[in-house]
Each structure stands twice: as structure tokens, then as C-alpha cells.
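Here is the structure we will look at.
Residue numbers start from 1 in every chain, and the chains themselves are labelled A, B, ... in the order their sequence lines are given, proteins ahead of strands.
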Amino acid sequence: MAEHEDTTHVEHEHTTHSQIFYIAIGVALLILTATTAAVAFVNLGPLNPVVALLIATIKAALVVIFFMHVKGASEKLTSAVVVSGFFFLAILLTLSLADYLTRSWR
Amino acid sequence: MHDSRAIPGPASTTTTQVATADHEVHNPALLHHFADAQQQKNAASLGMWLFLVTEIMFFGGMFCAYLIYRLAHFNAFAAGSQQLDIKMGAINTAVLIVSSVTVVLAVKAAEVGKRKLLTGYLVVTVLLGMTFLVVKGFEYKEKFEKHHVPGPSFNFTDKFDDNGKQIPVNSKEAELFFSLYFAMTGMHALHMIIGCGLFGTLAVLAWKGHYAPSYFTPIENAGLYWHLVDIIWIYLFPLLYLISRHS
């Protein structure tokens, strides 16, 4: 963190995109929503949940990266907090499911 | 939010002039214990993300419970899920996505100091949030009518497969599905209600000229909250409505 940054230039350090870009991301999210809803009516067997959750993760990633501006976050500490949040969520889900998914394997 | 550090609006330009005379580039929104405005902004952003992490873990616990019970009571959960209306869920997903776009456009408008545009986007966001809640209300109404609300009057009739063959469903297990459905969508709806109140307040403050390109942190942080609530719905929609259609 530079100590003598000009306070009047705070707004330029933020990496926002153009309005058209945001609307394009929104359209992409709407198309993905229509796709996932349509795919739900097609019987893909065990692949149905996989496809649905994959599309959901793509949508969530688009929102986090482009709407929540994590790439523009200059502070490393903030990035560490964000990553740790998803890391502990991953621990919660993988360790719990590693148990419950394998109980029938005996 | 942080009203006390707000930039004075056009009505009180005298304060700004005094402040400008005091320091060459003094930002009236900058609190004295921060080195500069960027540090203050980073601190607020860090605090907001810490809060969002607690929200992720809070909803993560419910998602985890849902996945475990879905594994344990697969048939009943699939039967319960098939009672949900995909069309309503998809419409609500679209409404939330559009609201996320208006939020990010509001942040953009605040960044370039367009007060009326900012207020407009914030108001549209509140209206979209309310639209979501109204659709959700109709879905809940249907659940009450079909006796799919957990409790003494809960009643779940057996489901039928494509050939009209009856498949027995454990009513208690189906009740568990609907308990989790109401807990998760209800908690999400509560976050939407809070979000609508938050954005309504911000719209009033924005209209009064509390935000300027040099200070619009509350808009940004409320935006982060709104996007997170959107992301939670992005996962609730497939998990509750979609993935059990063919089970």
C-alpha cells in the first residue's frame, strides 16, 4: 500500500467494466438459466445433477469474477479471506460426503 | 450503513468548501484513523467479505444437510422435488440475475457520479427483489394448498412413474424434504427482504446526494451482499428444483 496516494484518484483504481459488458454477462447468465432448466427435462440418468451443478458453478463464477470484482480487489488480505471461505466450505462438503457417499461400500 | 462519513450533497456546498480550504485534497468521507481513502475502502471491503464468508458457511451447513438427507432418503426427496414448479423457479432465477445486473450498473453509476441513474438502478433492484418475493409467495401458497407444509396437516400422496405405476413414498421422509425446502428458501427469502430494505435505504440516500465518485463504499458493499444472495439462489434452484426430475 503506497502511503501517499492521491485520495482524489480512488475511483480510478477500481476495475469496473463498461455497461455493455455487464449486460452481456447478464444475458449469458440468462441463457445458462434457460439451458439448465431445459436440460432438467431431458433424462441424462446420473448426469442430470452433474450438468445442473456444473452450469450453476459456471454462473456463480461469472457473478463472483465479473459482478463482485474479485479480480479488481487490490488487497491480498481480502483475497485470502474469500479463498478461505470457499476452502472451508469445500472441507465441510467433501469430508461429510466422503463419509456418507461411501457408507454403502462395505 | 456509514451515513456519518457521507459526502455533503449539493445543498451543503459550504462544508465542502471549508474542508477544501483546510487541506488541498481532503476527502470529507475519509475518517482520520485511515491513512488514505483507498485504505479505508479496502478495510470496509475486507469486513464485508468476512461477513459474506460467515454467510457462505451458514448456507453451506444447510446445503450439506440437504445433500446428506438426499442421499439417505433419495426416493422421497426426488418425489418431493418433483412437486416444485420449475417454471416459477426459472422465472425467479432470471429475476435475480437481472437484479444483479442492475446492482452492478448502480455501482458503475456511483463510480462516475451519476446520481439520478444510480437512484434509478437502486429502485429497479428493489422492485425486482419484491417481484422475486411475490413469485416465491405464490409458490408457498401452492404448498399450503397441497398440504406440503411440514406440520400436523402435512399430507404427501404417493408418486407415480411414467407408466402410471404407483411408487410408495415415506411421508415422513418427504416431510423432511419440505422442511429443508422451507428452511433454505425461507432463509434465502429473509435475506432478500433485508436486501430490499437495504437497497431502499440506499436509494433514498443516493437521491439525497450522499454518494460521490470519491465515496460510494456502501453501494459497493451492499452490492456484494446482493450478489451473494443471488449466488445462493443459483445453487438452490438446481438442487431443489432440477436434479431429481428423472429419479
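- Among B:A72, B:G47, B:C64, B:G61, the residue with the largest count of heavy-atom pairs under 4.5 Å with chain A is B:C64.
- Looking at every heavy atom in both residues, A:F67 comes nearest to B:V104 through O-CG2, 3.8 Å.
- Taking every heavy atom of both residues into account, B:V53 and A:G85 meet most closely at CG1-CA, 3.6 Å.
- The line from CH2 of B:W49 to OG of A:S84 is 11.0 Å long, rounded to the nearest 0.5 Å.
- Between B:A90 and A:T33, the closest heavy-atom pair is O-CG2, 4.2 Å.
- Only the side chain of B:L71 comes within contact range of chain A, with heavy atoms under 4.5 Å apart.
- Scanning both residues, A:A40 and B:I86, for their nearest heavy atoms gives CB-CD1, 4.1 Å.
- No part of A:V27 comes within reach of chain B, as not one of its non-hydrogen atoms sits under 4.5 angstrom from that chain.
- Contact annotation for A:L97: only side-chain heavy atoms (C-beta onward) come within less than 4.5 Å of a heavy atom of chain B.
- With a 4.5 Å cut-off on non-hydrogen atoms, B:L52 touches chain A through its side chain but not through its backbone.
- The NZ atom of A:K59 lies 11.0 Å from the OG atom of B:S100; values are rounded to the nearest 0.5 Å.
- Note that the CG atom of A:L29 and the OG1 atom of B:T93 stand 11.0 Å from one another [nearest 0.5 Å].
- Between the B:K108 side chain and the A:H17 main chain, a donor and an acceptor come within less than 3.5 Å of each other.
- Interface remark: B:L224 contributes backbone and side-chain atoms alike to the contact with chain A (heavy atom separation under 4.5 Å).
- To the nearest 0.5 Å, atom CE of residue A:M68 and atom CG of residue B:D230 are 9.5 Å apart.
- Heavy atoms closer than 4.5 Å to chain A are found in both the backbone and the side chain of B:I56.
- Only the side chain of B:F237 comes within less than 4.5 Å of a heavy atom of chain A; its backbone N, CA, C and O stay farther away.
- With rounding to the nearest 0.5 Å, the separation of OG1 in A:T57 from CD1 in B:I231 is 10.5 Å.
- A 4.5 Å side-chain heavy-atom check between A:V81 and B:L46 finds at least one atom pair inside the cut-off.
- A:S96 and B:I68 get closest at one heavy-atom pair: CB-CD1, 4.0 Å.
- Shortest non-hydrogen contact noted between A:G26 and B:I97 is O-CG2, 3.8 Å.
- With rounding to the nearest 0.5 Å, the separation of CG in B:L242 from OG1 in A:T36 is 5.0 Å.
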